[in-house]
Number of protein chains: 2
Amino acid sequence: MSLIVQKFGGSSVADAARVMNVARIVTDTYKAGNDVVVVVSAQGDTTDDLIAKAQEINANPAKREMDQLLAAGEQISISVLAMAIEKLGFPVISLLGWQAGFNTNSVYGAARIKNIKTNRLQAEIAKHNIVVVAGFQGINRYDDLTTLGRGGSDTSAVAIAASLHADKCQIFTDVEGVYTADPRKIPSARKLEEITYDEMLELATLGAQVLNNRSVEMAKKYSVELEVLSSLNPIPGTIVKEKVKMEKMLIRGVTKDKDVAVVSVIGLDDNPGIAFKIFSKLAQKNINVDVILQSVGRDGTKDLTFSVSQENGPVAVELLKEMSISEGTKISCVTDVAKVSIVGAGMESHPGTASKMFEALYAQNINIQMISTSEIKISVIIAEDEADRAVSAVHNAFLPNA
Amino acid sequence: MSLIVQKFGGSSVADAARVMNVARIVTDTYKAGNDVVVVVSAQGDTTDDLIAKAQEINANPAKREMDQLLAAGEQISISVLAMAIEKLGFPVISLLGWQAGFNTNSVYGAARIKNIKTNRLQAEIAKHNIVVVAGFQGINRYDDLTTLGRGGSDTSAVAIAASLHADKCQIFTDVEGVYTADPRKIPSARKLEEITYDEMLELATLGAQVLNNRSVEMAKKYSVELEVLSSLNPIPGTIVKEKVKMEKMLIRGVTKDKDVAVVSVIGLDDNPGIAFKIFSKLAQKNINVDVILQSVGRDGTKDLTFSVSQENGPVAVELLKEMSISEGTKISCVTDVAKVSIVGAGMESHPGTASKMFEALYAQNINIQMISTSEIKISVIIAEDEADRAVSAVHNAFLPNA
């Protein structure tokens with residue numbers, strides 16, 4: 001007998017028909033002889049509706065009260081799902097975050113799980129109940145409700161799987177798994193059977209928002225085997241784990257991220273420490289810098305270019321202007337750019353990967369503005385209107401039609 | 001400095017504008033130098049909407065899960081009200097039933113409060129916070145959520161007032177107080193300044209549903225001074241307490257109750273114990289019998305007539321038929337009747353009260369079918385289509401236009 005944790009997002013339980021669908025998936029798993037713990041998010045737009053309700057009254061409410069409000073969302077979804085499972089004739093109990101033992105710190109709206117006191121969970125499993133747990137929420141040391149922030153239900157599920165040493169943690173979404181590229185755009189994109197935690201992390205960072213990053217980090221840390229699969233078509237999805245068979249694939253996927261702004265500082269005095277000064281200032285303001293390019297200019301000056309999220313572009317420009325780093329520098333920011341990346345643990349041992357990517361782009365006459373690489377990822381910044389063509393070209397080069 | 005508990009029902013907090021209105025009432029009370037604990041129900045139709053959501057999935061769900069679901073209603077209203085109070089610039093915190101220390105038994109859907117652990121409440125009051133508490137809900141010994149049943153928020157408010165020895169418990173409703181009759185029907189009806197607990201209990205039982213009965217019983221038991229007043233027009237309402245000044249009023253109010261069925265058993269064998277057999281059977285089935293009339297018939301038989309709620313009328317008839325009490329009895333049930341009552345502690349010492357009531361009805365040619373009296377109440381059963389005229393006539397007799 002296995003213990004399986006299953007997590008369903010808000011769209012999977014958006015209405016009565018979908019709740020019944022989830023109840024059937026859960027009870028099928030239970031019927032097959034498994035213990036099952038189910039983690040659910042709030043139904044459909046409930047969280048957004050509750051936020052709107054708050055905004056109507058107070059544009060900037062205390063975060064503690066916001067968490068108290070939002071936690072009602074999963075309270076509704078767990079009890080309704082429990083009723084659906086009961087309707088199908090199976091023993092079931094719903095537990096709020098605090099009833100399931102989720103202890104968090106007190107950062108309302110983005111709390112971190114400190115530990116899970118599993119005695120109630122274990123007692124209910126021992127009674128052969130299907131246990132339906134509210135994702136996204138916990139309790140702090142003052143007995144006040146907290147929420148883990150958006151995507152927190154994935155983290156709740158992985159945390160339960162880790163605490164109970166579950167055999168598997170299944171994350172049900174509206175896609176059938178992790179694909180080599182966005183299947184709506186690249187018809188030849190294929191679903192991956194397996195992917196490593198690190199690859200999954202890179203893909204998530206790069207805009208393939210299948211899994212919440214914190215949940216993947218936690219799964220890696222506690223070696224929880226994840227499976228991403230569809231609640232509408234529950235065939236085997238993509239397994240996320242530490243080591244995977246290589247499948248003769250050099251890369252695991254191609255992604256596009258349009259949320260990029262490129263900030264340039266032209267004509268900086270060529271003094272030591274200037275880059276440090278700039279990036280420490282940005283870090284202080286919590287601005288994440290991605291690709292960095294430094295080039296020698298002329299007349300003893302140099303140019304510095306870096307990419308940030310679009311939201312942070314103008315903020316970075318303001319900060320740079322306030323610093324008055326050196327006279328005569330020109331500071332600019334462009335947002336009509338995109339980042340195209342390939343990800344794959346296999347590329348570490350294949351020196352030709354980068355040149356193969358650049359060749360594919362060159363063949364399409366696509367100009368590369370910036371390049372960044374890590375052990376398992378190569379990213380290029382290009383013009384935004386060429387991004388879809390670039391993804392297609394790179395995908396064809398590495399993953400030609402099977 | 002006084003401690004005041006204020007309770008607002010669902011219609012008082014139905015939308016953002018009404019929530020802000022309640023926030024102003026609460027903060028005005030706080031500004032006047034009082035400590036304030038506010039008890040609220042779920043907003044508007046939230047509870048009904050949640051019940052409908054459950055019904056869509058499971059027509060007969062576990063009561064534990066129903067309570068888990070319904071408790072979300074007040075969770076939303078308390079946090080939203082706290083945000084409104086914060087918006088007005090006052091220190092505030094919201095507490096769920098269990099956070100406020102409401103320990104109940106485990107009768108899901110109709111739980112009884114066992115005690116209130118007031119440490120959290122007292123700590124928040126000591127910090128000069130306005131405390132907004134979720135009515136209607138608590139927690140049992142298994143750490144599971146419970147609800148007190150409909151009207152439970154009144155009970156929550158009185159229980160807090162009793163536990164904290166509050167100076168007053170104000171119940172805000174959509175009427176301005178307790179009236180001598182329904183002011184929409186009897187233009188000369190007046191608002192009472194004061195009324196005793198016992199009178200209030202009789203009025204509630206008789207269909208003037210201003211206050212939940214359990215809350216009045218609890219207020220009487222712990223000598224909590226209640227005030228019934230309007231959230232839309234917060235002028236002084238009606239005070240409910242143990243002893244009131246007599247105001248030279250013989251009676252306190254005239255009420256009408258249309259939820260009455262009269263069951264008759266004609267031609268019972270005149271054996272001792274037959275009445276006991278019938279009423280113990282009805283009691284076993286939780287059927288509350290109100291007015292009872294027993295008359296000697298003819299030929300050694302007797303007739304038994306009693307009133308129950310309309311819902312219980314056919315049930316009682318079925319039970320009586322099953323009993324096959326004696327051959328040749330005729331069992332019937334009529335529902336086109338109403339009960340008109342006068343209530344007043346003053347009538348105890350005024351022997352003419354009943355005859356004055358009967359005279360008023362006789363003057364209107366209204367036939368009295370049954371009569372029942374207690375120390376502070378006289379009720380008559382009459383034809384339903386004469387009920388409004390009867391209330392008016394009796395009201396004029398005892399409480400002529402001022």
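Keep in mind that this is a model prediction, so the values were computed, not measured. Values reported hereafter were calculated over all heavy atoms of this structure, with side chains retained and with hydrogens, waters and symmetry mates removed. Chain letters run A, B, ... following the sequence lines, proteins first and then strands; every chain starts at 1.
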Chi angles and distances behind the side-chain contact (heavy atoms from CB on, under 4.5 Å) call for B:Ile93, A:Glu65: CA-CA 8 Å; B:Ile93 190 160; A:Glu65 297 301 334; 4.0 Å; yes
Within the 4.5 Å heavy-atom criterion, are B:Asp15 and A:Glu56 side-chain neighbours or not? no
message: Determine whether A:Lys87 and B:Asn60 satisfy the following criterion, side-chain contact (heavy atoms from CB on, under 4.5 Å), listing intermediate values before the conclusion.
response: CA-CA 8 Å; A:Lys87 173 85 180 173; B:Asn60 191 22; over 6 Å; no
Note: vs chain A, highest number of non-hydrogen pairs under 4.5 angstrom among B:Leu96, B:Val92, B:Ile78 is B:Leu96
Honestly, the part of A:Ala71 sitting under 4.5 Å from a heavy atom of chain B is both
So, the part of B:Leu70 with a heavy atom under 4.5 Å from chain A: the answer is neither
In terms of heavy-atom pairs under 4.5 Å with chain A, the winner among B:Ile57, B:Leu50, B:Leu95 is B:Ile57
Heavy atoms of B:Ala72 and A:Gln75 approach each other most closely as N-NE2, 3.4 Å
Going by heavy atoms in the side chains, are B:Asn58 and A:Val80 under 4.5 Å from each other? no
Residues passing the side-chain contact (heavy atoms from CB on, under 4.5 Å) test with B:Asp143, sequence neighbours excluded, are A:Trp98, A:Arg120, B:Ile139
dist A:Arg64:CZ -> B:Ser94:OG (nearest 0.5 Å) comes out at 4.5 Å
- Item | Minimum side-chain heavy-atom gap B:Leu145-A:Gln99 below 4.5 Å | yes
Among B:Ala82, B:Ala54, B:Ala62, the residue with the most heavy-atom pairs under 4.5 Å to chain A is B:Ala62
Checked B:Lys53, B:Met20, B:Met66 vs chain A; the most non-hydrogen pairs under 4.5 Å come from B:Lys53
Bottom line for A:Glu74: the part with an atom under 4.5 Å from chain B's heavy atoms is neither
Note: B:Pro61 and A:Glu86 closest approach over all heavy atoms is CA-OE1, 3.5 Å
